[in-house]
Amino acid sequence: MKTTLQSKLMHKIDAFGGIDKLTTDMQRLRTLTKEKKWFDNMIIYFNSFYSQIVDVELHAVEYHKASVDTIDFLTEFNSTRNEESIKFLIDLITFKLNSVAGIRRIS
């Protein structure tokens with residue numbers, strides 16, 4: 001049976017402490033920025049893994065720039081902090097992008 005990128009990401013989230021812990025951390029961190037949309041989007045996206053089948057590979061290819069922009073935001077956000085959850089999110093999104101490296105969307 002083929003392991004999907006969604007299941008790999010869920011495994012990483014579970015190993016980090018689970019979706020509830022990650023969501024709680026993101027909600028707390030959300031209060032520290034005026035740019036709440038970044039955390040809102042991540043909370044919805046990562047929680048959706050646990051309630052539905054998500055074509056993460058397709059999203060990673062089609063929304064590559066949004067993922068890169070999210071990493072940039074998180075890197076800047078964490079530049080004056082040392083939040084393990086932010087480091088984890090950066091690693092998680094980077095893993096997602098690296099998993100589809102070389103795949104291009106056919107127009």
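Everything numeric in this text was worked out from a predicted model, so none of it was measured. Excluded from the calculations below are hydrogen atoms, water molecules and symmetry mates; all remaining heavy atoms, backbone and side chain alike, are included.
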With side chain to side chain contact (heavy atoms under 4.5 Å, CB included) as the test, would you mind laying out the steps for I13 and F88 before giving the verdict? CA-CA 9 Å; I13 292 168; F88 173 75; 4.1 Å; yes
Could I get the full list of side-chain contact (heavy atoms from CB on, under 4.5 Å) partners for D20, not counting sequence neighbours? none
Only counting residues at least two apart or in another chain, list the ones meeting side-chain contact (heavy atoms from CB on, under 4.5 Å) with S67. I93, K96, L97
Which residues share a salt bridge (charged side-chain N to carboxylate O under 4.0 Å, His left out) with [X], sequence neighbours left out:
{"X": "K21", "value": "D25"}
{"X": "K36", "value": "none"}
{"X": "D91", "value": "none"}
{"X": "K65", "value": "D69"}

Is the charged tip of K8 near the ring of F95: under 6.0 Å from the six-membered ring centre and within 45° of its axis? no
[atom2] on [Y] to [atom1] on [X], rounded to 0.5 Å:
{"X": "I90", "Y": "L74", "atom1": "CD1", "atom2": "CG", "result": "5.0 Å"}
{"X": "M26", "Y": "L89", "atom1": "CE", "atom2": "CG", "result": "5.5 Å"}
{"X": "S79", "Y": "I86", "atom1": "OG", "atom2": "CD1", "result": "11.0 Å"}

From CA spacing to verdict: side chain to side chain contact (heavy atoms under 4.5 Å, CB included), L29, T33: CA-CA 7 Å; L29 295 164; T33 183; over 6 Å; no
[X]: what forms a side chain to side chain donor-acceptor pair (under 3.5 Å) with it, not counting sequence neighbours?
{"X": "Y50", "value": "D14"}
{"X": "N82", "value": "K87"}
{"X": "E83", "value": "R28"}

Only pairs under 3.5 Å count here: list side-chain donor-acceptor contacts from residues 40-49, not counting sequence neighbours, and write none if there are none.
unit_1, atom_1, unit_2, atom_2, d
D40, OD1, R30, NE, 2.5
D40, OD1, R30, NH2, 3.4
N41, ND2, K37, O, 3.3
Y45, OH, H59, ND1, 3.4
N47, ND2, T23, OG1, 2.9
N47, ND2, I43, O, 2.8
S48, OG, Y45, O, 2.5

Are Y63 and V100 connected in a single hydrophobic cluster, I mean Ile/Leu/Val/Met/Phe/Trp/Tyr linked by side-chain heavy atoms less than 4.5 Å apart?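 Cluster IDs for V100 and Y63 differ.
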Side-chain donor/acceptor of T75 to backbone N/O of I71, under 3.5 Å: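 Yes.
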Check whether any side-chain heavy atom of D55 lies under 4.5 Å from a side-chain heavy atom of Q6, and answer yes or no. no
Does anything in residues 22-43 form a ring-ring contact (aromatic ring centres under 6.0 Å, His included)? List the pairs, not counting sequence neighbours. W38-F73, F39-F73, F39-F77
Tell me, with the steps shown, if V56 and T4 meet side chain to side chain contact (heavy atoms under 4.5 Å, CB included). CA-CA 8 Å; V56 179; T4 64; over 6 Å; no
Does CD belonging to E76 count more than 12 external heavy atoms closer than 6.0 Å?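 Check fails, neighbour count at 12 or below.
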